[in-house]
**Q** 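One structure coming up, written as structure tokens, with questions to follow.
Throughout, residue positions are numbered sequentially from 1 according to the sequence presented. The model shown is predicted, which means the values in this text are computed figures rather than measured ones.
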Amino acid sequence: MDYLIMFLSAKQPRRLRVIENILHNKRTVTTLFWGMRYHILPWLGSNKQLTRINFDAAIDKLVGAGLANVSQNQVLLTNTGKQAQLDFERSHYQPQFLQFYLLGDLTKIERRVLLAGQVLSEYSYHNKKNTLHYRLMRENY
């Protein structure tokens, strides 16, 4: 979760649970409002498998490295953290059309494609079995 540094700011303290809820796709009025204010709303639902334990561990890792400070459930980047954020931006791809990517839930799409494959497999099996059955019936008459 190194990318978490992209959602933090050195000037504006960010609420931890807002960032977590944005990534997890928890749509409440507060989350959507503050996500809009933090300019991270396009990332809504980008990590639906995120757990609070993993999120808190990633924040603790940033604090332990001296990149961020946490107080009263708000996080603020340090000067070192701001430099690390700039380095991260330069060395990692930044999505340009994130809204379109997040329109489709890839997990659901994957499950539906697998289900369609299973349905086609079952259909072809039964179709082949029935064709063989009819052929045998014709030969007996």
Side-chain angles (χ1 to χ4, degrees), residues 1-140:
M1 292 214 14
D2 295 334
Y3 67 91
L4 189 61
I5 199 165
M6 295 304 302
F7 304 113
L8 306 179
S9 171
K11 296 178 183 177
Q12 176 189 41
R14 303 272 169 104
R15 298 175 185 196
L16 290 173
R17 297 305 159 220
V18 169
I19 297 169
E20 177 188 358
N21 291 341
I22 288 288
L23 295 175
H24 189 67
N25 197 28
K26 185 175 180 183
R27 297 173 186 229
T28 62
V29 174
T30 303
T31 298
L32 295 174
F33 173 77
W34 284 107
M36 181 186 64
R37 293 285 306 241
Y38 296 161
H39 303 288
I40 61 172
L41 203 53
W43 291 89
L44 185 68
S46 62
N47 191 351
K48 293 181 182 176
Q49 296 82 20
L50 181 66
T51 63
R52 180 163 285 185
I53 293 169
N54 292 343
F55 182 79
D56 289 343
I59 292 293
D60 291 342
K61 184 178 174 184
L62 290 174
V63 170
L67 302 176
N69 294 320
V70 175
S71 65
Q72 298 176 351
N73 260 345
Q74 293 185 348
V75 63
L76 188 64
L77 284 177
T78 61
N79 290 335
T80 309
K82 181 63 178 169
Q83 186 59 44
Q85 186 183 49
L86 293 174
D87 293 342
F88 187 88
E89 283 179 3
R90 280 190 226 111
S91 63
H92 290 81
Y93 171 73
Q94 301 300 314
Q96 301 299 317
F97 301 104
L98 194 60
Q99 298 88 347
F100 300 113
Y101 167 75
L102 294 175
L103 283 178
D105 186 353
L106 295 180
T107 307
K108 284 183 182 178
I109 292 170
E110 178 185 13
R111 289 179 187 158
R112 288 177 181 163
V113 167
L114 291 175
L115 179 62
Q118 185 178 358
V119 167
L120 287 173
S121 175
E122 290 284 332
Y123 177 75
S124 68
Y125 171 77
H126 287 293
N127 194 23
K128 184 177 180 180
K129 186 176 177 183
N130 287 339
T131 303
L132 181 62
H133 178 67
Y134 289 131
R135 194 178 302 154
L136 289 174
M137 284 178 56
R138 283 187 204 160
E139 289 174 2
N140 288 336

**Q** Would you kindly say whether Arg52 and Asn54 are connected by a side-chain donor-acceptor distance under 3.5 Å?
**A** no
**Q** Anything under 3.5 Å between a donor and an acceptor, one on a side chain of residues 60-74, the other on a protein residue two or more places apart or in another chain? List them.
**A**
none

**Q** Distance from Leu50 atom CG to Glu20 atom CD, nearest 0.5 Å?
**A** 6.0 Å
**Q** Parallel, tilted or perpendicular for Trp43 and Phe7, by the 30°/60° rule?
**A** perpendicular
**Q** In a table with atom names and distances, give each donor-acceptor pair under 3.5 Å that connects a side chain of residues 113-123 to protein atoms at least two apart or in another chain.
**A**
none

**Q** Report yes or no: does His92 contribute a side-chain atom to a donor-acceptor pair with the main-chain N or O of Phe88 at less than 3.5 Å?
**A**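 Indeed, once roles are kept as given, a pair shorter than 3.5 Å links the two residues.
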**Q** For the side chain of Ser91 and the backbone of Asp87, is there at least one donor-acceptor N/O pair under 3.5 Å apart?
**A**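 The answer is yes, because a donor-acceptor pair under 3.5 Å joins these two groups.
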**Q** Nearest 0.5 Å please: distance from the CH2 atom of Trp34 over to the CG atom of Asn21.
**A**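 Trp34 atom CH2 to Asn21 atom CG measures 14.5 Å (nearest 0.5 Å).
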**Q** Please find the pair of heavy atoms, one from Arg14 and one from Ile40, that lie closest to each other, and give the distance.
**A** NH1-CG2, 4.3 Å
**Q** Can you sort out the partners of Phe33 under ring pair (Phe, Tyr, Trp, His ring centres under 6.0 Å), two or more places apart, ordered by chain and number?
**A**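 Expected list: none.
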**Q** If every non-hydrogen atom of Gly45 is compared with every non-hydrogen atom of Asn25, which pair is closest and at what distance?
**A**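 In this case the closest contact between Gly45 and Asn25 is CA-CB, 3.4 Å.
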**Q** In Å and rounded to the nearest 0.5 Å, what is the CD1 to CG distance from Ile22 to Leu41?
**A**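 Reported to 0.5 Å precision, the distance equals 5.0 Å.
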**Q** Give, for atom CG of Leu77 and atom CD of Gln83, the distance between the pair rounded to the nearest 0.5 Å.
**A**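 With rounding to 0.5 Å, CG (Leu77) is 11.5 Å from CD (Gln83).
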**Q** Does some side-chain heavy atom of Arg112 sit less than 4.5 Å from a side-chain heavy atom of Ile109?
**A**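 The answer is no; the side chains never approach within 4.5 Å.
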**Q** Determine the minimum heavy-atom distance between Ala84 and Ile5, stating which atoms define it.
**A**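 Result for this residue pair: CB-CD1, 3.8 Å.
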**Q** Nearest 0.5 Å, please: how far is CG in Asn47 from CD1 in Ile19?
**A**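 Here the interatomic distance stands at 13.0 Å.
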**Q** So, taking the atom named OG1 in Thr31 and the one named CZ in Arg17, what distance separates them when rounded to the nearest 0.5 Å?
**A**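 If I round to the nearest 0.5 Å, the distance is 11.5 Å.
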**Q** Indicate yes or no for a side-chain donor-acceptor contact from Tyr38 to the backbone of Leu8 under 3.5 Å, with no hydrogens or angles considered.
**A**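 Side chain of Tyr38 to backbone of Leu8, a donor-acceptor pair under 3.5 Å: no, none is there.
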